[in-house]
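Per chain, numbering begins at 1; letters A, B, ... match sequence-line order. Values below: all heavy atoms of this structure, side chains included; hydrogens, waters and symmetry mates excluded.
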Amino acid sequence: MEQLPPQNETVLIRRAFGLSGKTLGEIAANQGTHCPPDLKRHKGWVGQLLEWVLGASAGSKAEPDFPHLGIELKTIPVDGSGKPRESTYVCVAPLDGSMATQWHESWVCRKLSKVLWIPIVSDANTPLSERRIAPPKLWTPTPKQAHQLQTDWEGLFELIASGSIWQMDAFKGDVLQLRPKGANKNDLVWAIDEEGNWVQTVPRGFYLRPSFTREIIASQFTDPP
DNA sequence: CTCTGATCATTA
DNA sequence: TAATGATCAGAG
């Protein structure tokens with residue numbers, strides 16, 4: 001059964017904490033569904049399940065999962081020590097000239113202004129149904145983190161704005177990076193190159209590096225006082 | 001077709 | 001073995 005959207009932040013947090021310690025198998029059963037055998041053909045399944053359970057409403061729209069609260073929901077796979085096992089997708093990077101030119105108006109800034117992180121503990125061999133939910137973390141970038149994000153975003157924006165398609169790779173950016181984000185390498189979008197010509201290239205998205213997300217959720221894995 | 005949810009799988 | 005580049009499924 002689908003949850004109603006949480007009326008306020010407190011309700012959302014309470015719901016999220018209520019899930020910690022449970023396995024994905026238990027959560028799925030409570031929803032009257034079951035876990036797929038693995039994530040190879042269901043990569044977004046965990047995120048969708050948690051959206052459902054917590055009452056997220058934005059679906060696939062380019063807005064926060066909880067629009068009335070301005071909160072974005074992110075599940076993140078971590079190992080036993082709380083280290084993220086993957087990078088975190090943020091949003092697409094328009095290459096057609098439609099991207100915001102100011103950091104504070106960018107999708108990255110808006111999406112990351114307030115995020116509810118839900119770590120899922122596992123290693124490569126843990127069956128999906130046995131993966132366990134860790135305590136959630138409601139996060140807003142610290143001044144230092146906001147500065148790091150802005151600096152990287154401005155650098156990456158410069159690449160995009162100048163049409164440096166061929167210099168775009170995942171090595172750029174300390175905490176934020178650009179990576180392909182499409183169905184496959186035949187999935188192409190139009191972009192403007194250095195000379196102002198329209199060319200086709202794979203779609204890109206902004207991702208957070210694991211070293212950055214590790215800092216964010218670290219407090220959930222340290223011993224309480 | 002685009003954007004969401006992400007993880008997979010090959011490379012360095 | 002970590003990181004990059006590639007990929008899979010669902011919703012609007």
Distance, rounded to the nearest Å, where [X] contributes [atom1] and [N] contributes [atom2]:
X       : N       : atom1 : atom2 : value
D38(A)  : dC8(B)  : CG    : P     : 8 Å
E63(A)  : dC3(B)  : CD    : P     : 14 Å
D123(A) : dT7(B)  : CG    : P     : 14 Å
R179(A) : dC8(C)  : CZ    : P     : 16 Å
E72(A)  : dC3(B)  : CD    : C1'   : 12 Å
D65(A)  : dG12(C) : CG    : P     : 13 Å
D174(A) : dA3(C)  : CG    : C1'   : 15 Å

Do any of residues 102-114 of chain A sit with a heavy atom less than 4.0 Å from DNA chain C, and if so which?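 DNA chain C contact set from residues 102-114 of chain A: none.
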Any residue of residues 163-172 of chain A with a heavy atom less than 4.0 Å from an atom of DNA chain C: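 The answer is D169(A), A170(A), F171(A).
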Looking at DNA chain B, which of [range] put a heavy atom within less than 4.0 Å of it?
range                       : value
residues 200-209 of chain A : Y207(A)
residues 86-98 of chain A   : E86(A), S87(A), Y89(A), C91(A), V92(A)
residues 184-191 of chain A : none

Determine the interplanar angle of the H68(A) and F66(A) rings, folded into 0 to 90°, and report it as parallel if under 30°, tilted if 30 to 60°, perpendicular if over 60°.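 Rings of H68(A) and F66(A): perpendicular, over 60°.
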With heavy atoms under 4.0 Å as the rule, sort G44(A) into base, sugar-phosphate or nothing.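 Base, at least one base atom sits under 4.0 Å.
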Sugar-phosphate, base or nothing in reach of P210(A), heavy atoms under 4.0 Å: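 No contact.
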Kindly calculate the angle separating the two end axes of the helix from dC1(B)-dG12(C) to dA12(B)-dT1(C), each obtained from five base pairs, and round it to 10 degrees.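 End-to-end axis angle for the helix from dC1(B)-dG12(C) to dA12(B)-dT1(C): 20°, rounded to 10°.
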On DNA chain B, compare the nucleotides closest to K181(A) and K40(A); which residue's is nearer the 5' end?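 That would be K181(A).
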